[in-house]
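Structure first, then comments.
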Amino acid sequence: MKEILNAIERAAIRIREEIDTKDIGYSQQQNATGDTQLQLDIKCDLVCEEEFSKAATINTIVSEEQAHKVVMNTASQYFVAFDPLDGSSLIDVNLSVGSIFGIYDGSFDVKDLVAACYVVYGPRTELVFAYEGVVKFYLLQNGEFEFVKNITLDEKGKLTAPGGTQQNWAAYHKEMIDGLFQEGYRLRYSGGMVPDLHQILLKGGGLFSYPGTSDKPDGKLRMLYEALPFAFIFTMAGGDQTDGKNDLLTVDAKYIHDTTPCFFGSKYEIARVKDVYARQ
Ligand code: P6P
């Protein structure tokens, strides 16, 4: 596992450099879920693949930016799914973006998810790695990711990050989100999954929600390399998560780019989501 974390760290340092120095423009290509790719999306995907190719323990990789899985070594143990540059469209307005990684042992079945990691590229570059019961927070300083602290979530938070187009929310979902505001929750939503979830993790908790909507009934966020890694991290940090009806860590993706409705947060807020959705 250490060599995979090392590969992620090397890729993150190179991606930071790409973000800081390369101009951004759209390519003529689209990814498997129809997003028009920035040149930067393609470059950061190549960076991740190059660094993962140096890790002998990686069997296969799945990237948001590639339609099909890439087999590296059929005799190896780990399967890595990743989004190399999530929220890349925010770069041209100078907002934080991130990379997300799910590390699976033996297959991409959710039961085999054994570690998860994300990197936030903002005023600072920070990395969070969840493995063997602990969520560790690192800060990039002088070319090294230095351990800062372990992350644990409070039982109840005060932030809400409500994703999705409000006009397409179900009435019961809108009533639930409005209820949090009436309880004094503060809105924290940038449109970047990684910084929005990082803020909730580091500021003691709350709720990030990206529900099924009338235009996207299966949600927008991808299972293998967005929803499941964060479900793993929030659960390991003492929080909780759901797709509205199920524990996300019990549902397998049928297709490598499948999406799911997803809710991540402190136990209090997720209990509220489960209660509201169970009554529909
Ligand atoms: P919306 C970025 O494009 C992304 O995939 C996630 O990072 C983010 O949480 C979500 O989409 C934002 O989607 O529909 O709220 O703009």
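One-based numbering along the sequence shown. In each ligand, atom 1 is the first atom listed, and ligand 1 is the first ligand listed. Quantities reported herein were computed from a predicted structural model and do not represent experimental measurements.
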Would Asp154 and Lys267 satisfy salt bridge (charged side-chain N to carboxylate O under 4.0 Å, His left out), going step by step from the backbone distance to the final call? CA-CA 8 Å; Asp154 298 339; Lys267 286 194 163 78; over 6 Å; no
Looking at ligand 1, does any of its N/O atoms fall within less than 3.5 Å of an N/O of [X]?
{"X": "Met193", "value": "yes"}
{"X": "Glu226", "value": "no"}
{"X": "Ser89", "value": "no"}

Which protein non-hydrogen atom lies closest to [atom], naming both residue and atom, and how far is it?
{"atom": "atom 14 (O) of ligand 1", "result": "Tyr210 OH, 2.6 Å"}
{"atom": "atom 15 (O) of ligand 1", "result": "Tyr189 OH, 2.5 Å"}
{"atom": "atom 3 (O) of ligand 1", "result": "Lys220 NZ, 3.6 Å"}

Assess whether atom [atom1] of [X] is packed by more than 12 heavy atoms of other residues, nucleotides or ligands within 6.0 Å.
{"X": "Lys174", "atom1": "NZ", "answer": "no"}
{"X": "Glu144", "atom1": "CD", "answer": "no"}
{"X": "Asn94", "atom1": "CG", "answer": "no"}
{"X": "Lys69", "atom1": "NZ", "answer": "no"}

Look at the side chain of Thr242 and the backbone N and O of Asn246, then say whether any donor-acceptor pair between them is shorter than 3.5 Å.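 Answer holds: yes.
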Just which atoms of ligand 1 are under 4.0 Å from any heavy atom in [X]?
{"X": "Gly164", "result": "15 (O)"}
{"X": "Asp86", "result": "5 (O), 6 (C), 7 (O)"}
{"X": "Gly192", "result": "7 (O)"}
{"X": "Gly191", "result": "2 (C), 6 (C), 7 (O), 8 (C), 10 (C), 12 (C)"}
{"X": "Leu221", "result": "5 (O), 6 (C)"}

Does ligand 1 have a heavy atom under 4.0 Å from the side chain of Thr165, from its backbone, from both, or from neither?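 Answer for Thr165: neither.
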Tell me whether the centres of the aromatic rings in Tyr104 and Phe108 are closer together than 6.0 Å.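 That pair passes the under 6.0 Å test.
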Output, in order, the C-alpha distance, side-chain angles, deciding distance and verdict of ring pair (Phe, Tyr, Trp, His ring centres under 6.0 Å) for Tyr277 and Phe263. CA-CA 11 Å; Tyr277 275 69; Phe263 304 81; 5.1 Å; yes
Would you give the length of the straight line joining atom CD1 of Ile58 to atom CZ of Phe52, rounded to the nearest 0.5 angstrom?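 Answer for the CD1-CZ pair, Ile58 versus Phe52, is 5.0 Å.
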Mind checking whether Asp196 has a heavy atom under 4.0 Å from ligand 1?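 No; Asp196 lies far enough from ligand 1 that no heavy-atom distance drops under 4.0 Å.
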